[in-house]
Amino acid sequence: MRILIVDDEPAMHESYRQVFGARSGGNAIALNAMAAELFGDDDAAPEPEPANDTLEFDCAHFNQGLDAVEALKDSIETGNRFAVAFIDVRMPPGIDGKETARRIRALDPDINLVIVTGYSDFSPLDISRAAGPADKIFYIAKPFQAEEVMQTATALSHRWQADAKLKSAITLLEEQKLELAANESRAVHMANHDSLTDAPNRLSFLHMLGKAVKGDQCFAMAMMDLDRFKIVNDTLGHLAGDELIRMVCEILQTNVPAEGFVARLGGDEFAMLYPVTGEDEAEMVAERLLKAVSISFKVFGHSVQGGASLGLMVVAPGTINDPIDVMRRADLALNDAKHAGRGIVRLFDEVMDESIRFRRQIEGGLSEAIAKGELKLVFQPIVGRDQLEITGFEALIRWCSPEYGMVSPGMFIPIAEESNLIHELGDWVIDRAVETVKTWPGQYVSVNFSPRQFRRHNFVAHIMERVASAGVEPGRFQIEITETAIFDDVERAAETLFKLRQMGFRIALDDFGTGYSSLYNIRRFALDCLKIDRSFVDGMGRERESAAIVHSVIHLGRALGMEVVAEGVETQAQLQALRLAGCSHMQGYYLARPMDADDALVLANNRFMGTDEPEVELSNGTHG
């Protein structure tokens, strides 16, 4: 262990040589007591170490501070650093001990300084201000006792070693933190970008489209399909097809307006967003994009004639709030362009969409459906991993209209969401769900809430009042919300979920993995359960990315102490893979289809899947 000694008196240097040269193991108990006194360690002193573990000191002696400072610089450059410096305060001529300590501290923040003096022109406070921190400055009065110097040097050397190890550990942790941050950044990039072109993918495009429909600027959405792309794949091979996709993507990114956005949705399909003043400008830009890709490409030495069809939707501020509806209309325009002969641009027209008229009819009929008793709830079991025990049911709404037949929830729920009907519809679902859950022996019921319901100003009180008035414990009522609902306003969502959790409600985050959650945000929310979106479960056997996402969500849930429910389990292979991966709960057609309340009661009383009750027909997954 290296010791730096700075004193202008030769006699003092001789005393130091006698102290450190005579070491033969020392009194370990005394050294431990000295360390406890120096560092405030009140624990019992450990047993003395064997003599062969004692420190060996390598002392460097200097008569003047400047020489000592230079020696310290050299030690830092070579990596052979000093652990302790003994410094005399009064050293004429040259710099005094205070200035020497200041310069040494400026060079090496880790060295322990021992001020050795019989009389000082400076107070300990002065020295501490110049060469602090105070916990790395110690004092010995002249004339000193040899044992005192030896004990101080030994204790401070041990401390220097411990500090070095701690600093190394902290540095390693910081490096690991940076590596994790970099990995998270790469994961976020991969989740939002196409692996072939590195362009934004469908998920990223939907996010940008969602922001655009909420904005105050007119914009156009264009959807483009390459014409006769299948021929390229079939004749030149998939590698040539991939190369053509990359080349087209690069052209679109070059030619889209300055504030535009280009994404590859999948296959040979691209989508663009760009600001416009109206339909004329939108069509002009679209024609330019179409012309840019309608050229002859050289792909691996082969000449390929490019071409595409393009569907266009122009959105004025405040006219459409649903990004999916914008994309659907652009897709309808694209289909019209293909049917019209390809290689053209088609602007969306209401005539293209018969479903819009049907949608308006549905909105009128939905307002009467509750009063007429046309709505009902069905229940799909949520089962545990190990014994397939039924722990809960998800409540799903169905509408059987005398006029339209079975109307898909995917049709009427968004319509209700755009109007105040969603609150009336939601209250009906809550009331029926709590009445049903009271008949079960202990399972919970899980109810979906839309973003608009969740943003209701008295949401917490409203839920509590309806559940309590039915005499149902909050712990048997699970609130399912999507990432969209909570990440629109993170602070408010965190507060709302915290209040609900305090009252005892279960909270589930639905369709997890399809939104923009980060680990930091997920940890902020009071959640009981993460529900893996069915698209990832469906892709497990075909796509490595889907399987990786499923495993990551399962590990995340386990690490945070949350349940993880995999939705859309439709085959035995999926069930087996999820159980092996450690997924805590499953739900899907392979286990059971959504069923009426009476059948759900029978299944709830059975408690486990796979019973032979004739009243309950379990799905074999054929229609999943």
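Just so you know, these numbers use all the heavy atoms, side chains as well, and skip hydrogens, waters and symmetry mates.
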d(D227 CG, L290 CG) to nearest 0.5 Å is 8.0 Å
Determine whether P451 and E417 make a side-chain contact, defined as any pair of heavy atoms from C-beta on separated by less than 4.5 Å. yes
Do the side chain of Q453 and the main chain of S450 share a donor and acceptor less than 3.5 angstrom apart? yes
Quick one, V564 and V553 - any side-chain contact, counting heavy atoms below 4.5 Å?
yes
Note to self: Any carboxylate oxygen within less than 4.0 angstrom of a Lys/Arg side-chain nitrogen, looking at D386 and R579?
What the structure shows: no
Shortest non-hydrogen pair, I554 vs A581, comes out as CG2-O, 3.4 Å
- Message: When you measure from the side chain of D349 to the backbone of M352, do you find a donor-acceptor pair of N or O atoms at a distance under 3.5 Å?
- Response: no
Keeping D194 on the side-chain end and A199 on the backbone end, is there a donor-acceptor pair under 3.5 Å? no
> Between E567 and D510, is a side-chain contact (heavy atoms from CB on, under 4.5 Å) present by the stated rule, with each step listed?
Replying inline: CA-CA 9 Å; E567 297 182 298; D510 199 13; 3.1 Å; yes
Do C583 and R385 pass the side-chain contact (heavy atoms from CB on, under 4.5 Å) test, and can you show the C-alpha distance, the side-chain angles, and the key distance before you say yes or no?
-> CA-CA 7 Å; C583 186; R385 167 179 175 265; 5.6 Å; no
Minimal heavy-atom distance between R593 and P381, with the atoms involved, is O-CD, 4.4 Å
Check: E174 and L178 side chains under 4.5 Å, non-hydrogen atoms: no
Practice problem: Given side-chain hydrogen bond (donor to acceptor under 3.5 Å, both in side chains), test S535 with D538 step by step and report yes or no. | Solution: CA-CA 5 Å; S535 63; D538 180 58; over 6 Å; no
Open item on the list: Can you confirm whether M540 sits close enough to L578 that some side-chain heavy atom of one is under 4.5 Å from a side-chain heavy atom of the other?
Closed with: yes
**Message:** I'd like to know if the side chain of T254 and the backbone of E250 have a donor-acceptor N/O pair within less than 3.5 Å.
**Reply:** yes
- Item | S309 (side chain) donor-acceptor with D225 (main chain) under 3.5 angstrom | no
Here the pair of heavy atoms bringing I295 nearest to I251 is CD1-CD1, 3.9 Å
Smallest heavy-atom separation, L366 atom then W399 atom, equals N-CH2, 3.5 Å
- Atom CD of Q305: over 12 foreign heavy atoms under 6.0 Å: yes
Rounded to the nearest 0.5 Å, the CD atom of Q574 sits from the OH atom of Y590 at a distance of 10.5 Å
Counting the benzene-type ring for Trp, do F459 and F454 have ring centres under 6.0 Å apart?
yes
_Using a strict threshold of under 4.0 Å (side-chain N to carboxylate O), is an ion pair present between D325 and R328?_
yes
Heavy-atom closest pair (F348 atom, R329 atom, distance to 0.1 Å) is CD1-O, 3.4 Å
Tell me whether the NZ or CZ atom of R202 lies within the 45° cone about the ring axis of F205 and under 6.0 Å from its centre. no
| query | Would you call E480 and K531 a salt bridge, taking side-chain N to carboxylate O under 4.0 Å as the test? | reply | yes
Less than 4.5 Å apart, any side-chain heavy atom of M313 and any of I320? yes
Rounding to 0.5 Å, atoms CD (E283) and CG (L310) come to a distance of 10.0 Å
field: Side-chain touch P594/Y589, heavy atoms, less than 4.5 angstrom
entry: yes
inquiry  = Run the salt bridge (Lys or Arg N to Asp or Glu O under 4.0 Å) test on E563 and R558 for me, step by step, so that the C-alpha distance in whole Å, both residues' side-chain angles and the decisive distance to 0.1 Å come before the verdict.
reply    = CA-CA 7 Å; E563 294 179 4; R558 292 172 65 181; over 6 Å; no
K230 meets the side-chain hydrogen bond (donor to acceptor under 3.5 Å, both in side chains) criterion, sequence neighbours left out, with D234
Here the gap from E269 atom CD to I245 atom CD1, rounded to the nearest 0.5 Å, amounts to 10.5 Å
*Taking Q380 for its side chain and F393 for its backbone only, find out whether a donor-acceptor pair lies under 3.5 Å.*
no
Discussion item. Check this for me: does any side-chain nitrogen of one of R346 and D336 sit under 4.0 Å from a carboxylate oxygen of the other?
Written reply: yes
Check whether more than 12 heavy atoms from other residues, nucleotides or ligands sit under 6.0 Å from atom CD of E259, and answer yes or no. no
Distance alone, cut at 3.5 Å: any donor-acceptor contact between the side chains of N448 and E394? yes
Q) Going by the angle between their ring planes, with limits at 30° and 60°, are H555 and H551 parallel, tilted or perpendicular? A) perpendicular
TODO: State, without any angle test, whether N192 and H207 hold a side-chain donor-acceptor pair at a distance under 3.5 Å.
DONE: no
One should read off an interatomic distance between E403 CD and I362 CD1, to the nearest 0.5 angstrom, of 8.0 Å
Those residues at least two apart in sequence (or on a different chain) that pass side-chain hydrogen bond (donor to acceptor under 3.5 Å, both in side chains) with R452 are N420
Rounded to the nearest 0.5 Å, the CD1 atom of I344 sits from the CD atom of E287 at a distance of 9.0 Å
Practice task
Take I397 and I413, measure what side-chain contact (heavy atoms from CB on, under 4.5 Å) needs, and give me the verdict at the end.
Solution key: CA-CA 9 Å; I397 192 168; I413 292 296; 4.1 Å; yes
- Side-chain touch P200/M208, heavy atoms, less than 4.5 angstrom: no
Are the side chains of L289 and M272 in touch, meaning some heavy atoms are under 4.5 Å apart? yes
Tell me yes or no: between the side chains of N201 and S204, is some donor less than 3.5 Å from an acceptor? no
message = Counting only heavy atoms from other residues, nucleotides and ligands, does the tally under 6.0 Å from CD of E543 exceed 12?
response = yes
(Q) I'd like to know whether L236 forms a side-chain contact (heavy atoms from CB on, under 4.5 Å) with F300, so could you lay out the CA-CA distance, the side-chain angles of the two residues, the decisive distance to 0.1 Å, and finally the verdict. (A) CA-CA 9 Å; L236 301 180; F300 297 152; over 6 Å; no
Note: V314 and C218 closest approach over all heavy atoms is CG1-SG, 3.9 Å
